[in-house]
> 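Sharing a structure with you now.
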Amino acid sequence: MTDVEKRPAAPPAPAGWDYAPAPEAREIVKLRERYGLFVGGTWLEPTEAYTTISPATEEPLAEIAQATPGEVQAAVAAAREAFENGWSALPGSERAKYLFRIARILQERAREFAVLESLNGGKPIKEARDVDVPLAAAHFFYYAGWADKLEYAFPNRRPHPLGVAGQIIPWNFPLLMLAWKIAPAIAAGNTVVLKPAETTPLSALLFCDVLRQADLPPGVVNIVTGDGRTGAALVTSDVDKIAFTGSTDVGKAIQRELAGKPTRLTLELGGKAANVIFDDAALDQAVEGIVNGIYFNQGHVCCAGSRLFVQESVVEDVIAKLKRRMGTLRVGDPLDKNTDVGAINSRQQLEKIKELVASGEEEGAQIYQPPCRLPERGYWFAPTVFTDVAQSYRIAQEEIFGPVLSVLTFRTPEEALEKANNTPYGLSAGIWTEKGSRILWMAERLRAGVIWANTYNRFDPTSPFGGYKESGFGREGGLHGLEPYLRFE
Ligand code: NDP
């Protein structure tokens with residue numbers, strides 16, 4: 001037999017080599033100077049307003065309404081009227097037609113939504129284009145399919161809609177979170193008042209155009225913009241259900257507010273996911289999963305794989321491969337099609353990331369950031385990895401919500417499990433090994449709502465998503481995501 005000559009591993013791309021700029025044209029997005037509140041199918045002139053900006057350039061984009069408690073009440077009243085005067089009594093097959101229409105229009109206007117999402121939120125256009133917008137459309141398609149089959153989805157349980165759902169969403173996936181919330185709610189026959197995050201209202205406001213295009217009856221979906229005060233007003237208003245995605249602190253405050261009241265509640269809160277790499281894993285693939293797990297969407301992801309656990313025997317190899325891969329990440333203009341890591345969503349979030357990173361250095365962890373040129377204006381943070389991290393460090397305990405990874409090690413599966421579960425959160429986890437039995441052993445014991453094996457950050461509308469412990473309760477996606485919008489006889 002002839003000896004097979006092994007080729008040496010390919011050297012990394014030379015540092016001087018670069019891509020040509022590939023900016024996505026932003027002219028497709030026609031912004032108004034000022035937006036009102038979308039209530040009862042029409043735009044209400046607001047009493048107060050603020051300016052929304054592009055976090056990549058700090059350039060002002062539009063004036064946005066800051067809804068007052070009275071305006072929130074008007075939106076809830078419009079939703080109540082739409083619920084009682086038609087929507088809840090409409091046959092499921094008719095409701096489904098509207099959801100299908102919305103899904104199709106989102107697909108037709110996909111580029112416009114992708115550019116707007118990137119402009120207002122700072123995320124790379126390739127992520128908005130390939131993940132956020134297609135998945136948002138997929139959720140409307142998926143729940144359209146259930147609208148006329150609710151009795152079959154929940155046999156012998158006689159499902160009925162709840163009434164008006166108040167929905168509060170964060171800034172990391174503005175359009176996708178809107179779809180996660182609105183699609184199951186209206187498929188089940190409810191009407192909705194949704195509050196987008198203060199920093200990223202624009203895709204929800206463009207979505208109002210889609211609702212009009214789809215001829216959705218007035219009042220079925222109402223959008224009220226504003227900061228936390230608007231969210232708090234929605235929580236205390238006359239709604240039948242609150243669905244919230246955001247920080248654990250605000251989630252707890254909402255739970256306290258609703259304690260003892262009949263308002264239904266689901267909470268999708270923070271996370272500090274363990275991404276566990278065993279020594280038999282395909283390491284190059286695992287490194288891609290690590291990068292996707294923490295640097296996707298600048299790490300502004302509740303299920304981000306922010307705690308990396310690597311088996312001791314391969315830790316040096318994994319760190320070397322990871323650092324080399326980090327050197328190829330392109331940080332910069334979110335609207336450039338070659339950008340991998342975009343802008344941090346707000347100055348406030350950037351300050352929070354900086355504060356936690358400084359605490360990691362003070363506590364004794366080793367920091368590494370690949371050389372990269374950050375733009376002068378806007379909010380930016382280089383992809384970061386910390387080694388020599390102890391379980392007790394803040395960077396191993398607290399949700400950073402930025403492109404910052406903490407690496408810890410383990411020797412046995414039992415140790416990996418114990419360390420992975422040593423967190424107040426329980427949203428997601430990743431396991432990398434070629435042994436199926438080990439995947440099942442770990443998955444049975446990890447306290448996390450979503451577990452990926454040999455992949456990370458995979459989403460599908462048919463698959464439920466949600467957490468344990470301080471990551472909240474209730475599920476979104478799949479049949480599980482319909483149930484919180486129904487009552488049963
Ligand atoms: P928040 O929890 O404050 O924001 C989430 C949503 O709730 C926003 O629409 C917000 O409005 C609204 N809100 C704020 N205060 C209240 C209130 N008292 N009652 C009702 N609604 C309210 O998250 P932040 O945007 O401040 O982010 C802070 C941290 O939270 C991040 O650093 C991250 O760690 C975590 N986070 C987790 C998310 C997840 O998906 N698990 C998503 C976002 C953040 P407004 O935007 O106007 O403040």
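One-based numbering, in listed order, for ligands and for the atoms of each.
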> Indicate yes or no: at least one non-hydrogen side-chain atom of E117 is less than 4.5 angstrom from one of F173.
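Side chain of E117 against side chain of F173, heavy atoms only: no contact under 4.5 Å found.
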> Report the distance from atom CD1 of I125 to atom CZ of R111, rounding to the nearest 0.5 Å.
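One gets 8.0 Å once the value is rounded to the nearest 0.5 Å.
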> Provide the closest heavy-atom pair for L350 versus W380 in the form atom of the first, atom of the second, distance.
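Looking at all heavy atoms of both residues, the shortest contact is CD1-O, 3.3 Å.
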> Identify all N/O pairs between ligand 1 and the protein with a separation under 3.5 Å and present them as a table of atom names and distances.
unit_1   : atom_1 : unit_2 : atom_2 : d
ligand 1 : 2 (O)  : S247   : N      : 2.8
ligand 1 : 2 (O)  : S247   : OG     : 2.6
ligand 1 : 9 (O)  : I169   : O      : 2.8
ligand 1 : 9 (O)  : K195   : NZ     : 3.1
ligand 1 : 11 (O) : K195   : NZ     : 3.0
ligand 1 : 19 (N) : A232   : N      : 3.4
ligand 1 : 25 (O) : W171   : NE1    : 2.5
ligand 1 : 32 (O) : Q349   : OE1    : 2.9
ligand 1 : 32 (O) : Q349   : NE2    : 3.2
ligand 1 : 32 (O) : K352   : NZ     : 2.8
ligand 1 : 34 (O) : K352   : NZ     : 2.9
ligand 1 : 34 (O) : E399   : OE1    : 2.9
ligand 1 : 41 (N) : G246   : O      : 3.3
ligand 1 : 41 (N) : L269   : O      : 2.8
ligand 1 : 46 (O) : E198   : N      : 3.0
ligand 1 : 47 (O) : K195   : NZ     : 3.4
ligand 1 : 47 (O) : E198   : N      : 3.3
ligand 1 : 47 (O) : G226   : O      : 3.4
ligand 1 : 47 (O) : G228   : N      : 3.2

> Thinking salt bridges, do K337 and D130 make one under a 4.0 Å N-O criterion?
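No, K337 and D130 are not salt-bridged.
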> Show the numbers, then the answer: is there a side chain to side chain donor-acceptor pair (under 3.5 Å) between E71 and T47?
CA-CA 9 Å; E71 288 161 339; T47 43; 3.1 Å; yes
> Any chance CD of E112 has more than 12 other-residue heavy atoms, nucleotides or ligands included, within less than 6.0 Å?
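Check passes, neighbour count above 12.
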